[in-house]
Amino acid sequence: MASIFLKSDIAKVEILPELGGAILAYDAKLHNSVVPILRNSNNAKSVLASSCFPLVPYSNRIKYGLLNWQEKSSQLPLNHLPEKHSIHGHGWQLPWKVIHQTDTNLTLEYHYQQAEWPFSYSAQQVFTLKGSALSIELSLMNNSTSKMPAGLGLHPYFSLTKKTSLKCSVEQMWAVDDESMPTTLIGAPKSLAKPEGLLITNSNLDNVFTGFSAAATIVWPEWKAKADITTSSNCKFIVVYSPKNQNYFCFEPVTHSTDAINMSNNGIDNTGIMTLNPQERMTISMSITPKET
């Protein structure tokens, strides 16, 4: 497998199309030092050890892999055993094909033919490096003859230091059970909206947040650096995953909550799940702009 590098005078991104269309590294030059904006995963053999991967055609988990859609039921593969649920869609476990490439831009795509997921679709990622800023656009088109449930997301692993903080505006947070499935909507940590932000170290989160305002800031005080993050407005949810004793945390912009299809079927409102008509497309985007502080 061969990596592709996007380069500017002050940043470099490594992408491995065959490994789930994943990013393996994203570094920027700040204060004359190279800062790993995303965790460095140059030697990753698994996409779950990468720096970022796409979530398509749905985000997070579908409970027990049971897809109930328009009065039809399908059993999806449990694709990350011993996980009990189908997770993260297909894109992270499939090779992507290079469609266009320059020094600062890369377009990847793959096509899925109807199988266990009972719909055909195509997906595309566009990576653009401008100065130190990286933007990712992810799109999904329904190639079936029937309506398809759909969702998108991105799963970046940001570098974590002892003093790393996250600041963003959200509304509520889904509490989860011991399988990371949503149970109850509760208040989000108030520190997220404060000037100092939420200290990530030991926060131990694996939760979906609702009402995301499409903007966030990550600060690394030890490096005198930060990253401003903006997303498309349809990413109304975020997942924050911050396991203990790791050198990363995940800040994932997504279009729907965990198990959104089944939750919607059970009468829960505002889950974010979309319906794509035949030949209809949906797109999300995320931009990461590193800055000196």
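These numbers were taken from a predicted model, which means no experiment stands behind them.
A ring-centre distance under 6.0 Å is found for Trp117 and Tyr58.
At a cut-off of 3.5 Å, with distance as the only test, a side-chain donor of His111 or Glu109 sits close to an acceptor on the other residue. Donor-acceptor pairing under 3.5 Å is lacking for the side chains of Thr210 and Gln172. No donor-acceptor contact under 3.5 angstrom links the side chains of Tyr26 and Tyr157, judged on distance only. Side-chain N/O atoms of Thr289 and Asp228 include no donor and acceptor closer than 3.5 Å. In this structure, a donor-acceptor pair under 3.5 Å is absent between the side chains of Arg39 and Ser51. Residues Ser257 and Thr271 have side chains that never bring a donor and an acceptor to within less than 3.5 angstrom of each other.
In this structure, the side chains of Cys250 and His155 come closer than 4.5 Å at one or more pairs of heavy atoms. Using a 4.5 Å cut-off on side-chain heavy atoms (C-beta onward), Trp174 and Asn207 make no contact. Two residues are said to be in side-chain contact when any heavy atoms from C-beta on lie closer than 4.5 Å; Ser3 and Ile15 fail this criterion. For the pair Cys168 and Val170, the minimum side-chain heavy-atom distance is below 4.5 Å. Side-chain contact between Tyr110 and Lys97 is absent, with no heavy-atom pair separated by less than 4.5 Å. Considering only heavy atoms from C-beta on, Met282 comes within 4.5 Å of Leu152 through its side chain. A heavy-atom distance below 4.5 Å is not found between the side chains of Thr231 and Leu154.
No more than 12 heavy atoms of other residues, nucleotides or ligands shown are found within 6.0 angstrom of CG on Asn245. Asn266 CG: more than 12 foreign heavy atoms inside a 6.0 Å radius.
Within the model, atoms CG of Asp269 and OG of Ser264 stand 8.0 Å from one another, a figure rounded to the nearest 0.5 Å.
Exactly one of Asn60, Thr258, Asp206 qualifies for a side chain to side chain donor-acceptor pair (under 3.5 Å) with Ser180. That residue is Asp206.
Put simply, Leu134 and Leu55 are part of two different groups of oily side chains (I, L, V, M, F, W, Y) that touch within less than 4.5 Å, one to the next.
When every heavy atom of His85 is checked against every heavy atom of Asn79, the shortest pair comes out as O-OD1, 4.2 Å.
A salt bridge is absent between Lys224 and Glu292; no separation between the charged side-chain nitrogens and carboxylate oxygens falls under 4.0 Å.
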